[in-house]
Every structure is written in C-alpha cells, then in structure tokens.
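Residue numbering restarts at 1 for every chain, and letters A, B, ... go by the order of the sequence lines.
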Protein chains: 2
Amino acid sequence: MATQQAPAPSGRVLDHPDVDEIRLEHVLHALSDPMRLRIVCRLATDGGELACSVFDLPVSKSTCTHHFRVLRESGVIQQIYRGTAKMSLLRAEELERLFPGLLDGVLTAARHQEQRLAAS
Amino acid sequence: MATQQAPAPSGRVLDHPDVDEIRLEHVLHALSDPMRLRIVCRLATDGGELACSVFDLPVSKSTCTHHFRVLRESGVIQQIYRGTAKMSLLRAEELERLFPGLLDGVLTAARHQEQRLAAS
DNA sequence: GGTTTTGTACGATTTCCATCGTAGTACGGC
DNA sequence: GCCGTACTACGATGGAAATCGTACAAAACC
C-alpha cells in the first residue's frame, strides 16, 4: 500500500499561520526577496513537496533555513518533517482562496522577467 | 482650450526608471509596506493624478516623501510637479504590459483583505 | 517683496533583515 | 550505540529601511 518510499511525517511539528492570519503585506514581503522568489517559482513548477536540500541556492545553509522560515511564517509555504528531511509545499489553494489571482500573477511576472533578463 | 484648472508641469523634473529597468522584486518590496499599499490602492481607485497631500497618512511629511520616492523609484508610480503640488499617477498600463495581471492581483487582494479585516 | 502652501534635503535614530559560522539536534541506517 | 545526513538555534555583523525633526526651496498669490 505504500504509495511512496518517502518516510512518514515525524513528531516534530512546525508553526504555520492559519489562513485568516495571513497578511498580504507579509506575503508580498516574503516574495520580494530574490532567493525566496526563486524557491517559490521552483515549488510552483515542480508542483509537490520538495526538500530544502534540492534547492541549490548560492547562500549558506543557515541563510537557507531563514528564507524557508520567512516563507512559512508569512503563509506562502507549508513545511513538514519527513525523516531528516524537511519538505516544503506551496499553499497554493489557500492563497488562491484568500487572494485570487495573486500568486499566479507573481509567478507569471517572475517567469516573464526571467526570460526578459535572459535576453539581454 | 484649457482642459483643467490644474497648473502646468513646472521645470522641476524627477527621475523615473525606464520600463525595462523595472524589477519585480523592487515592485513587490514597494508594495509590501502598508503605507505604500494604501497609497497605491487609493491611486487605483481614484484613477488619476493625486497630490501627495490628499493622502492622509499617519506619518510625518518627510516619511511621506520617502514612501512616494520608493514607489517612484521602483516604477510603480509616476510623479510630476504642478505648481507647489507634486502629483502622483499609477503606471498601470506599463506595469500591465510588463507583468500582466500582477497589479490587479495585488489590488484585488488588498481590497479583499481590507473587507475581511473590517469584518472581524 | 512677503506669505502661504507644498514638498525636499539632510542628519540622526532605531529597527529590521540577509548573511554567516559554529555548535547542536533529530532521524535513519549500520 | 555510532555515524552520517539534513536541518536548527544562536549570536554576530553589516547594510538597508522606516521614522522623525529641522531647515530649506519652489511656486502661487496677495
């Protein structure tokens, strides 16, 4: 019956804001950092849970932890421990209900800009 | 032939980023401040040029100047001197071309949140 | 010219934030 | 029990940013 070889969630639990605690300003601030925007784009593209380690970010591990925490505390992502790994997942549906079109708009804009800057 | 009683633009000119210099991160950062988000919402609602003075913001005049400068330098608004007043205008069309749906998404989200928070 | 209106420039302050390194913890596997 | 992996916690640091007050500037109007 095992659907995946991924380990089950461990006992460690992380604090997430409830949907009605999410604030637009905090979401926008979270997305205004290049590293974090990159993380979110990747999560949206791949569409599932990703371990922090698969993001090859040009910063130290502690900085990486910091960015993921900002994203989680602002309500953009959900995080869960699986074994030694910590998986991240976009809270896309909740954000869509809360701020319709916002996340899509930002993601589209991010890709737009990436292409635009690549062609320069 | 006078279309308005508004004074003509004065000689003083302000620096604006060119469209292809506008960066998504800077726009998002500009919009992630409550004061600035408020300014942008008002500009979008009223839909034209507004003098800085019509925004009754709970901050000092110098802070106000600061916020308008951040918005202008990030490419969100355009500013022009008319007499002693300095008018601000959303760069809605340019932003729409650059980041389709982004501004609308943010504005909708802002209004959504305003209503949601008012009902609590 | 003098006054009022509107906003700027500058410096100070204080807080936030992105970054790092080091030491530590939780878990899985051996 | 021990080791490796993956991430955290904590403290430090340097830089950005939000805020303010005071002094100034540009334009309109009398």
Take atom [atom1] of [X] and atom [atom2] of [N], then tell me their distance rounded to the nearest Å.
{"X": "B:L14", "N": "C:dT6", "atom1": "CG", "atom2": "C1'", "result": "13 Å"}
{"X": "B:K61", "N": "D:dA25", "atom1": "NZ", "atom2": "C1'", "result": "12 Å"}
{"X": "A:Y81", "N": "D:dT5", "atom1": "OH", "atom2": "C1'", "result": "14 Å"}
{"X": "A:L50", "N": "D:dC7", "atom1": "CG", "atom2": "C1'", "result": "16 Å"}
{"X": "B:M87", "N": "C:dT5", "atom1": "CE", "atom2": "P", "result": "18 Å"}
{"X": "A:I39", "N": "D:dC7", "atom1": "CD1", "atom2": "C1'", "result": "14 Å"}
{"X": "B:L31", "N": "D:dA18", "atom1": "CG", "atom2": "P", "result": "12 Å"}
{"X": "A:L57", "N": "C:dA18", "atom1": "CG", "atom2": "P", "result": "14 Å"}

Any [X] side-chain N or O less than 4.0 Å from OP1/OP2 of [N]:
{"X": "A:S62", "N": "C:dT22", "value": "no"}
{"X": "A:T84", "N": "D:dT5", "value": "no"}
{"X": "B:R82", "N": "C:dT6", "value": "no"}
{"X": "A:H29", "N": "C:dA18", "value": "yes"}

Result for 5'-nearest mapping on DNA chain C, choosing between B:A85 and B:R69, is B:A85
Would you mind checking if A:E94 and A:R97 are paired as a salt bridge, meaning a charged N to carboxylate O distance below 4.0 Å?
no
message = Do A:Q79 and A:S88 pair up side chain to side chain, a donor and an acceptor below 3.5 Å, judged on atom types alone?
response = yes
Winner on side-chain proximity to A:A51, out of C:dA9, D:dA18, D:dC7, is D:dC7
Winner on side-chain proximity to A:D33, out of C:dG7, D:dT19, C:dA18, is C:dA18
Comparing nearest nucleotides in DNA chain D, the 5'-proximal residue of the pair A:T65, B:H67 is A:T65
Contacts of B:M35 and B:R12 projected onto DNA chain D by closest heavy atom; the upstream (5') one is B:M35
Under a 4.5 Å cut-off applied to non-hydrogen side-chain atoms, are [X] and [Y] in contact?
{"X": "B:R72", "Y": "B:Q78", "result": "no"}
{"X": "A:R36", "Y": "A:H66", "result": "yes"}
{"X": "A:M35", "Y": "A:P58", "result": "yes"}

Base, sugar-phosphate, or nothing: which does B:S53 touch, judged by heavy atoms less than 4.0 Å apart? sugar-phosphate
**Report entry** Sugar-phosphate, base or nothing in reach of A:F68, heavy atoms under 4.0 Å
**Finding:** nothing
